[in-house]
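Before we start, here is the structure in question, set down as structure tokens.
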2 protein chains.
Amino acid sequence: MDRSQLGWERSHDNGAIMPRPPHQRTTIIEVARQAGASKTSVSRYFSGERERLSPDLQGRVAEAARRLGYRPNRMASGLKGGRSRLIGMLVADIRNPFSVAVMHGVEQACRERGLSLMVCNTDNDPAQEREHLALLASYRVEGLVINAVGSPDRELQALVDQGTPLVLLERELGEVEAEVVGLDNARALDLALDHLQTRGYGELLYLSEPPEQASPRQARLMRFLQGIAARDLVGEVHCRPLGEREALHRAIGDFLAGPGTAPRALLCANGNATLAATRALQELGARLGETGLLGIDELDWCALVGPGITTLAQPTEAIGRAAVECLMRRREAGECTTPSRRVQFQASLISRGSTRR
Amino acid sequence: MDRSQLGWERSHDNGAIMPRPPHQRTTIIEVARQAGASKTSVSRYFSGERERLSPDLQGRVAEAARRLGYRPNRMASGLKGGRSRLIGMLVADIRNPFSVAVMHGVEQACRERGLSLMVCNTDNDPAQEREHLALLASYRVEGLVINAVGSPDRELQALVDQGTPLVLLERELGEVEAEVVGLDNARALDLALDHLQTRGYGELLYLSEPPEQASPRQARLMRFLQGIAARDLVGEVHCRPLGEREALHRAIGDFLAGPGTAPRALLCANGNATLAATRALQELGARLGETGLLGIDELDWCALVGPGITTLAQPTEAIGRAAVECLMRRREAGECTTPSRRVQFQASLISRGSTRR
DNA sequence: TTGTAAGCGTTATCAC
DNA sequence: GTGATAACGCTTACAA
């Protein structure tokens, strides 16, 4: 039996038999030697140039590699070739199911292309965003999918200068040259408003987290305001952190107790807002449907609460995949300055009892 | 102004001025030159040996690095030193909120230690598990947190031989030497059964995904069976993939229509089961509470459905952090064979209307 | 088709 | 304290 299978082998410099510590992974050199070939050939075998080798050599390399359990060291290949095979992703809030769903799409697209994904969660903290961006840069990621809440322009620009393709999810940021993938927020809000109006709701309360930084929140809010004006609806807006439960309850309570006579509905700007609103409505004893409720983002449980909550579903997987596609396109394009583009997806309405009176 | 700030600089071999392509990241050499120091000193500055440098030299290096926006290339340092600063995590189902919560704990613990996390989702696919394990190995991760569904023993053993510390989340696997972190399933089930019995439910249906591979499912199922016997409860078990909606509905329907007279309750082995059960109960028109429902894993929406769903909450963040702590302990321990341990956490009961008759 | 040799950016090992 | 210099494991001109 071959000694190497027992974890013993000849050392480099002399012919003596020495114990090989088990944590020594086999390298390309070892494979080359056992296959009676050169490093180059082994390298070629493993980097898509398999065809260029004679069938015989291919066989020997394959056999040796299999026997030794060889796997190229990504750290090393990332170093020389500049190919880290690594895509980075910055996620503002990993506990948000929407983010996870998009990430799932990103991940699949990466896998199909033989890329690995390194995900950094920032918990909505701009400081962590900067830190993680620098980190991803230090691993020389070949592309970056970004869902940030702050404006880490400096760090992003550094990445761009370094030649890293960037794709922004939803939130478009300052001046950085990058493509933006996300929902068609204007059409989504039109869809929501049309639905609510059709269902007879005349007074609306729009619930959102503060839109200051994040551009999709801005876009949605703007369109809401335009939309109610265009439709002769009455609208109010509450944009406070969802953590402020009291403020939220008071706002909703006041809204429901208002002087008007038209049926009232809540429009929630995202999944977290829908969750908070549902809680508040329950505590206020409101009946869903009588009080309308429509949320952007479809969640597992929306069908289960009361008569079901009407939502606007985003094509999350598709958004994730599209992000990676953009990245790849940019990478192919190379230095030729491709102008930034915008890829927009359409939301689809899932009508349930919460908007049926 | 310094030319290098304009993206121009002297080339290595001659004194001519050449344009520097923007995608050339500054290396340690550049910093060393601008600081009037050697690579070694710069390296020391950035790898915790800062103290050994004279204050003067420290200042020069800091200044040069800052000016150039230098960051050590992790690929390179991972190569030479064997320190990738990378922790890998294998997640069976990234869309499961429980997994994400644990991952969040892992992530925080890593960050506090200056480690990066590389997460691989396997979508419950054993083939992907193998593939991703090999992948993580190829990035030379310094530790691995594993939440797998299959038994990729071969791949894991390879990692172990390579000297990579391993921690298994919940599922204990075959022969591999690794610590296991997770819930104290026996006590959790006792807690659940005691609660249900106290609330007067006498006939139970246990809902779980097939337990074949995953050891926590086995552990929970076994304890359920022991527990009902010990308590003189009547119990049934349904262990089919949750995707089989019809089978599930029929099982629940049959259970509810059974001959017995005691109040009936469903006990769900995890969050997914709770979701599926809730759906089924709604479609069957059962009233929560009258029909008991208790789920393992606390989810956002459990408080919102009907009278609220009683759950057993796991300390997810703590579990994640504990996993990383184990990893670090193992790494410190180094070669001296620390025996595998088991770290168990206690679930806590959140009582709601679904177990109040 | 195959091999040789020069890096990639860092850390480790010695000298000074 | 500080600095040459040799690895680390791989890719890639450039030869043969």
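Computed from heavy atoms alone, side chains included, the values below leave out hydrogens, waters and symmetry copies. Just so we're on the same page: letters track the sequence lines, and every chain starts at 1.
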Margin query: Given C/dT10, C/dT13, C/dT1, identify the nucleotide with an atom nearest to the side chain of B/R44.
Written below: C/dT13

Check: Between A/R52 (CZ) and C/dG3 (C1'), how many Å, whole number?
Finding: 12 Å

Notebook entry, point to check: When you check the phosphate oxygens OP1 and OP2 of D/dG3, does a side-chain N or O of B/S41 lie under 4.0 Å from one of them?
Noted result: yes

Next item on the list: In whole angstrom, give the distance that lies between atom CD of B/E49 and atom P of C/dA12.
Entry: 8 Å

Notebook entry, point to check: Checking B/N121 side chain against B/I94 main chain: does a donor-acceptor pair fall under 3.5 Å?
Noted result: yes

Next item on the list: State which of C/dT11, D/dC10, C/dT10 makes the closest approach to the side chain of B/S47.
Entry: C/dT11

Check: Hey, is the main chain of B/C120 close enough, under 3.5 Å, to the side chain of A/E107 for a donor-acceptor pair?
Finding: no

Notebook entry, point to check: OH of B/Y45 versus C1' of C/dT11: gap in Å, rounded?
Noted result: 18 Å

Notebook entry, point to check: Which part of the nucleic acid, if any, lies within reach of A/F46 when heavy atoms closer than 4.0 Å are counted: base, sugar-phosphate only, or nothing?
Noted result: nothing

Check: Expressed in angstrom and rounded to an integer, what is the separation of A/R50 atom CZ from C/dT1 atom P?
Finding: 16 Å

Next item on the list: Compare the minimum distances between each of C/dA12, C/dT10, D/dT11 and the side chain of A/I28, then state the nucleotide with the smallest one.
Entry: D/dT11

Item checked: Length of the line joining B/N73:CG and D/dG9:P, which is rounded to integer Å -> 16 Å

Margin query: Looking at A/A35, is its backbone amide N or carbonyl O close enough to the side chain of A/R60 to form a donor-acceptor pair, meaning the two atoms are under 3.5 Å apart?
Written below: yes

Checklist line | Candidate nucleotides D/dT11, D/dT5, C/dG9, ranked by approach to the side chain of A/S77 - the nearest | finding: D/dT11

Check: A/E30 has an atom CD; how far is it from atom C1' of D/dC10, in whole Å?
Finding: 16 Å

Check: Any donor-acceptor pair under 3.5 Å linking the side chain of B/T164 with the backbone of B/G143?
Finding: no

Margin query: Between B/S47 (side chain only) and B/S43 (backbone N and O only), is there a donor and an acceptor less than 3.5 Å apart?
Written below: yes

Note to self: Among D/dG3, C/dC8, C/dT10, which nucleotide has an atom closest to any side-chain atom of B/T40?
What the structure shows: D/dG3

Check: If an axis is fit to five pairs at each end of the helix from C/dT1-D/dA16 to C/dC16-D/dG1, what is the angle between the two, to the nearest 10°?
Finding: 30°

Notebook entry, point to check: Can a side chain N or O of B/S38 be found less than 4.0 Å away from OP1 or OP2 on D/dG3?
Noted result: yes

Next item on the list: Give a yes or no answer on whether the side chain of B/E142 reaches the backbone of B/S84 with a donor-acceptor pair at less than 3.5 Å.
Entry: yes

Next item on the list: Within residues 56-65 of chain B, find the residues that approach DNA chain D with a heavy atom at under 4.0 Å, and present them sorted by residue number.
Entry: B/L57

Item checked: Atom-to-atom span, CE of B/M75 to P of C/dG9 - whole angstrom -> 13 Å

Notebook entry, point to check: In whole Å, what is the span from the CZ atom of B/R85 to the P atom of C/dT11?
Noted result: 11 Å

Item checked: Side chains of B/C326 and B/V181 in contact at under 4.5 Å (non-hydrogen atoms) -> yes

Margin query: With a 4.0 Å limit, can you tell me whether A/Y139 has a side-chain N or O closer than that to the phosphate oxygens OP1/OP2 of C/dG9?
Written below: no

Margin query: Is it the case that C/dT10 (base atoms only) and B/K39 (side chain only) share a donor and an acceptor within less than 3.5 Å, ignoring hydrogens and angles?
Written below: yes

Checklist line | Main-chain N/O of A/D123 paired to A/D93 side chain as donor or acceptor, under 3.5 Å | finding: no

Note to self: Checking contacts here: which listed nucleotide (D/dA13, C/dA12, D/dG3) is nearest the side-chain heavy atoms of B/K80?
What the structure shows: C/dA12

Checklist line | Main-chain N/O of A/Y45 paired with A/R50 side-chain donor or acceptor, under 3.5 Å | finding: yes

Next item on the list: With the side chain counted from C-beta on, respond yes when B/L117 and B/I87 share a heavy-atom pair under 4.5 Å apart, and no when they do not.
Entry: yes

Checklist line | Sugar-phosphate, base or nothing in reach of B/L53, heavy atoms under 4.0 Å | finding: sugar-phosphate

